Colleague: 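Just passing along the structure, written as structure tokens.
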Amino acid sequence: MRRDYVNVAILWFVMTLAAEFSLPWIFQIIFPGVAAEEAAISDESFRLLTILATPVFTFVMSVLGYSLFSFRAKGGAPEYGAPIRGNSGWVWGMWLFITASLNVVVVIHPGLTGLAKFQGNKVPDLVVKVTAVQWAWRVSYPAQIIDGATEVVLPLNKRVKFEVTALPDDVLHSLWIPAFRQKIDAVPGLVTSMYVTPDKIGTFDQDFNLRMQCAELCGTGHTAMMMPVRVVSAEDFDKWVKDQAEPTDPVARGARLAKTQGCIACHSLDGAVGVGPSWKGLFGKQEALEDGSSVTVNDAYLLESIINPNAKLTKGFKPDIMLKDFGTKLKQDQIDALIAYIKTVK
Ligand code: CUA
């Protein structure tokens, strides 16, 4: 019996030594690409926990492995071993002490210390709003007046706050960016937040861990709920913002406004009949009106319809559906850009 204890102890020691020495090499293989300060905190915690858990794992494996080989049936009649009765206080006392202290240690560090570091600085340089819907991410930058971004572009070394929610009637989703090692649930009717400081320039094409991925099973489109993430220099970020908010070309600007102002939710671009008349081939057309008269769709008519939608109502469409505040909400040059764009929809 004593000999078995010594053998297991030797086996445990050798296995632990071998495992602990190969960990740095294993870590190199298993960690995905990193692109944020917080990712280092997360990876460091994972390393520490693995290093601490390894002796526990090898202890169980060495006792199990040794017993399997040493005490297997070797032919002959099976016989019972000597019964073990009673216990000595110091054995279970030590067991309780060691496991409890290990747990307390990891709850404090890296648990609480890591959490504090993650949430440390709550003054963001940039706020990105994300709304989850089945099955897409709607991304906007309120301060930059960017709505409906098609990718998540973030400036290097800036504190970013993600404000995350899901549409009121939607289901649970979860925002996860693997390269940042952080994940937060998107809950209908609730705004959750997540802070991140990207510290490496990169694109989704270079590293597929730079993506905003849904991490909560939310239906058939769950895996498709992905948006590329791009980390850029501060200058490139400013350039991107400029490109997004104010295209210089009026048609491009109008196309963008049509999207961000929600026009195309009611006015189709392909001739499909929606809540409002389609924009396809609209300009120059002879349009029948609700009052029995007709009108040629020109600049003046489009302008009037944008700022006073009820004035000349197209036959077959209801009044008071379209918002009446575009005349005050939009600047004159924005309305001009919209009209320039509508003319091009053929
Ligand atoms: Cu959204 Cu899974």
Side-chain angles (χ1 to χ4, degrees), residues 30-39 41-43 45-46 114-115 118-119 122 124 126-155 158-198 200 202-232 237 240 244 256 258-266 268-269 274:
I30 59 169
F31 281 121
V34 171
E37 280 176 20
E38 294 74 16
I41 303 167
S42 165
D43 287 1
S45 312
F46 190 90
L115 211 58
F118 261 118
Q119 304 183 331
K122 291 208 165 167
L126 172 71
V127 173
V128 180
K129 287 195 170 194
V130 181
T131 304
V133 294
Q134 277 176 318
W135 291 277
W137 298 109
R138 288 188 186 161
V139 177
S140 64
Y141 294 65
Q144 286 71 22
I145 323 176
I146 296 173
D147 231 346
T150 52
E151 56 176 339
V152 182
V153 179
L154 303 172
K158 293 273 194 271
R159 189 79 169 152
V160 181
K161 183 188 185 192
F162 285 96
E163 291 182 355
V164 184
T165 190
L167 280 191
D169 290 334
D170 220 88
V171 300
L172 286 175
H173 304 267
S174 188
L175 187 161
W176 175 46
I177 302 174
F180 297 165
R181 305 285 194 276
Q182 284 196 76
K183 192 163 80 94
I184 191 86
D185 280 357
V187 184
L190 187 77
V191 178
T192 51
S193 60
M194 174 175 117
Y195 291 86
V196 73
T197 317
K200 194 178 156 210
T203 65
F204 171 69
D205 291 334
Q206 292 158 352
D207 182 356
F208 70 95
N209 294 296
L210 275 169
R211 68 183 198 275
M212 188 187 269
Q213 175 73 57
C214 186
E216 175 93 38
L217 189 59
C218 58
T220 47
H222 164 67
T223 52
M225 216 172 142
M226 189 279 279
M227 188 181 265
V229 173
R230 187 153 60 97
V231 180
V232 297
F237 180 74
W240 176 77
Q244 296 295 303
R256 202 181 157 72
K259 226 189 280 176
T260 56
Q261 297 301 317
C263 311
I264 53 175
C266 300
S268 81
L269 303 175

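We count ligands from 1, going down the list as the structure has it; atoms in each ligand are counted the same way. All values reported here derive from a predicted model rather than from experimental measurement.
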Colleague: Of all N, O or S atoms in His173, which has the smallest distance to atom 1 (Cu) of ligand 1?
Modeller: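 Result for His173 and atom 1 (Cu) of ligand 1: ND1.
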Colleague: Quick check on Arg211: does its CZ atom have over 12 non-hydrogen neighbours (other residues, nucleotides or ligands) under 6.0 Å away?
Modeller: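 Yes, because the 6.0 Å sphere around CZ of Arg211 holds more than 12 heavy atoms from other groups.
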Colleague: Can an N, O or S atom be found in His222 less than 2.8 Å away from atom 1 (Cu) of ligand 1?
Modeller: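 It does not; every qualifying atom lies at 2.8 Å or beyond.
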Colleague: Does a salt bridge link Glu38 with Arg159, judged by any charged N lying under 4.0 Å from a carboxylate O?
Modeller: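 Answer for the salt bridge query: yes.
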Colleague: Quick check: are there more than 12 heavy atoms from other residues, nucleotides or ligands sitting under 6.0 Å from CZ of Phe46?
Modeller: no
Colleague: Do you know which two heavy atoms are closest between Ala186 and Thr165, and how far apart they sit?
Modeller: CB-O, 3.7 Å
Colleague: By atom name, which N, O or S atom belonging to Glu216 lies closest to atom 2 (Cu) of ligand 1?
Modeller: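 Nearest N/O/S atom of Glu216: O.
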Colleague: Examine Met225 and say whether one of its N/O/S atoms is closer to atom 1 (Cu) of ligand 1 than 2.8 Å.
Modeller: yes
